[in-house]
Trainee: 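Handing you a structure now.
On a predicted model such as this, the values are computed, not experimentally measured, just so you know. All heavy atoms count here, side chains included; hydrogens, waters and symmetry mates do not.
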Amino acid sequence: MEKQAPGTRAMKEVFVMSRIGIFYGSTLGTTKKAAEDLAALFGEDAALIDVAQAEAEDFEKYPMLLLGSSTWGYGDLQDDWSVALDKLDGVDLSDKKVALFGYGDQEGYADTFVDALGILYDKVCERKGVVVGAWPSEDFTFSSSKAFREGRFVGLPLDDNNQAELTEDRLQKWVEQLKKEFDA
């Protein structure tokens, strides 16, 4: 039997396994901020992971994934996601629900608005993931987007260049939607 110092008691470590892994790539900090806000809204149920630090096995730890990326240039993934996307090639997503979120500029880049979400969507579908969290397009003005499929966005588009005042409300409503879709 191990002796303890007087006045101390043994502490039992408790680990809470999160069900949701929130993976984000962020250059200027906006996608990181959205990921942090989403993690706060989900509470202990979510873990926050910078995709630049992630390995393939990290995606396998969680039954539900949120993947966040801004769109850069003319429809490109954020730099960290450009490197990390190949890590998903060895991951079986067939038993996972995956939701996508990201930033774009619907006025400055109306023809590539949130294209990064479309790129992530295609990779998740290729890996047999179940994509949830589609978002209506009515409040956005854009001419083209790889993320616009069957009359809706494949995930949550955010635009702090033109609609920053709507971001907080959109995140809250999206989390309410996801909680239902994750448990369905």
Trainee: With a 4.5 Å limit on heavy-atom distance, are the side chains of Trp81 and Lys123 in contact?
Mentor: no

Trainee: Could you note down all residue pairs passing salt bridge (Lys or Arg N to Asp or Glu O under 4.0 Å) where residues 174-184 supplies at least one of them, sequence neighbours left out?
Mentor: Arg19-Asp183

Trainee: Under 4.5 Å between side-chain heavy atoms, hopping through other hydrophobics if needed: is there a path connecting Leu117 to Trp174?
Mentor: yes

Trainee: Which heavy atom in Ala134 sits nearest to a heavy atom in Arg152, and how many Å separate them?
Mentor: O-NH2, 3.0 Å

Trainee: Looking at every heavy atom in both Gly133 and Leu178, which two are closest together, and how far apart are they?
Mentor: CA-CD2, 3.7 Å

Trainee: Rounded to the nearest 0.5 Å, what's the gap from CG on Leu48 to CD1 on Ile20? Could you check?
Mentor: 12.0 Å

Trainee: Who passes side-chain hydrogen bond (donor to acceptor under 3.5 Å, both in side chains) against Asp95, sequence neighbours left out?
Mentor: none

Trainee: Counting only N and O atoms by type, is there a donor-acceptor contact under 3.5 Å from the side chain of Lys173 to the main-chain atoms of Glu168?
Mentor: no

Trainee: So which atom in Ile49 and which in Ala54 form the shortest heavy-atom distance, rounded to 0.1 Å?
Mentor: CG2-CB, 4.0 Å

Trainee: Under the criterion side chain to side chain contact (heavy atoms under 4.5 Å, CB included), which of Leu66, Val154, Leu65 is the partner of Leu100?
Mentor: Val154

Trainee: Under 4.5 Å between any side-chain heavy atoms of Tyr103 and Val114, yes or no?
Mentor: no

Trainee: Starting from Tyr74, walk the hydrophobic network (Ile, Leu, Val, Met, Phe, Trp, Tyr; side-chain heavy atoms closer than 4.5 Å) and list everyone else you reach, by chain and number.
Mentor: Tyr109

Trainee: Hydrogens and angles aside, do Thr167 and Asp160 bring a side-chain donor and acceptor to less than 3.5 Å of each other?
Mentor: yes

Trainee: Mind checking the CG-CZ spacing from Leu88 to Phe23? Nearest 0.5 Å is all I need.
Mentor: 8.5 Å

Trainee: Do Ser18 and Asp45 come within less than 4.5 Å of each other through their side chains, counting heavy atoms only?
Mentor: no

Trainee: Could you tell me which residues satisfy side-chain contact (heavy atoms from CB on, under 4.5 Å) with Ile119, sequence neighbours excluded, listed by chain and number?
Mentor: Leu77, Leu85, Lys146

Trainee: Going by the rule side-chain hydrogen bond (donor to acceptor under 3.5 Å, both in side chains), which residues pair with Asp92 if we only count those two or more places apart in sequence or in a different chain?
Mentor: Ser94

Trainee: Using a 4.5 Å cut-off on heavy atoms from C-beta on, say whether the side chain of Glu126 contacts that of Asp89.
Mentor: yes

Trainee: Say you draw a straight line from CD of Glu55 to CD of Glu60; how long is it, rounded to the nearest 0.5 Å?
Mentor: 11.5 Å

Trainee: Backbone N or O of Pro157 within a donor-acceptor pair of the Trp135 side chain at under 3.5 Å?
Mentor: no

Trainee: Applying side-chain hydrogen bond (donor to acceptor under 3.5 Å, both in side chains), can you list everything that pairs with Asp122, at least two apart in sequence or on another chain?
Mentor: Arg149

Trainee: Can you check whether Ser69 reaches Leu120 side chain to side chain, under 4.5 Å on heavy atoms?
Mentor: yes

Trainee: What are the two closest non-hydrogen atoms of Gly104 and Phe113, and how far apart are they?
Mentor: C-CE1, 3.6 Å

Trainee: Does the ring centre of Phe148 sit less than 6.0 Å away from the ring centre of Phe142?
Mentor: yes

Trainee: Has Lys97 got a side-chain atom pairing as donor or acceptor with Pro63's backbone, closer than 3.5 angstrom?
Mentor: no

Trainee: Do Ile22 and Tyr62 pass the side chain to side chain contact (heavy atoms under 4.5 Å, CB included) test, and can you show the C-alpha distance, the side-chain angles, and the key distance before you say yes or no?
Mentor: CA-CA 9 Å; Ile22 303 175; Tyr62 306 94; over 6 Å; no

Trainee: Using the side-chain hydrogen bond (donor to acceptor under 3.5 Å, both in side chains) criterion, which residues pair with Asp139? Sequence neighbours excluded.
Mentor: none

Trainee: Residues in side-chain contact (heavy atoms from CB on, under 4.5 Å) with Thr141, at least two apart?
Mentor: Gln106

Trainee: Which heavy atom of Asp76 sits nearest a heavy atom of Ala116, and at what distance?
Mentor: O-CB, 4.2 Å

Trainee: For residues 107-116, pull every pair meeting salt bridge (Lys or Arg N to Asp or Glu O under 4.0 Å), keeping only residues two or more places apart or in separate chains.
Mentor: none

Trainee: If you define the side chain from C-beta out and look only at heavy atoms, does anything of Leu67 sit under 4.5 Å from Phe59?
Mentor: yes

Trainee: Are side-chain heavy atoms of Leu41 and Leu171 found at a separation under 4.5 Å?
Mentor: yes

Trainee: Go through the structure and list residues passing side-chain contact (heavy atoms from CB on, under 4.5 Å) with Ala110, not counting sequence neighbours.
Mentor: Ser143

Trainee: Which pairs, with at least one residue in residues 20-32 and sequence neighbours excluded, count as a side chain to side chain donor-acceptor pair (under 3.5 Å)?
Mentor: Thr27-Gln78

Trainee: Test of understanding: with side-chain contact (heavy atoms from CB on, under 4.5 Å), list the residues that count as partners of Leu166, not counting sequence neighbours.
Mentor: Gln163, Arg170

Trainee: Can you find a heavy atom in the side chain of Leu38 that is under 4.5 Å from one in the side chain of Val175?
Mentor: yes

Trainee: Is a side-chain N or O of Arg127 found less than 3.5 angstrom from the main chain of Val91, in a donor-acceptor match?
Mentor: yes

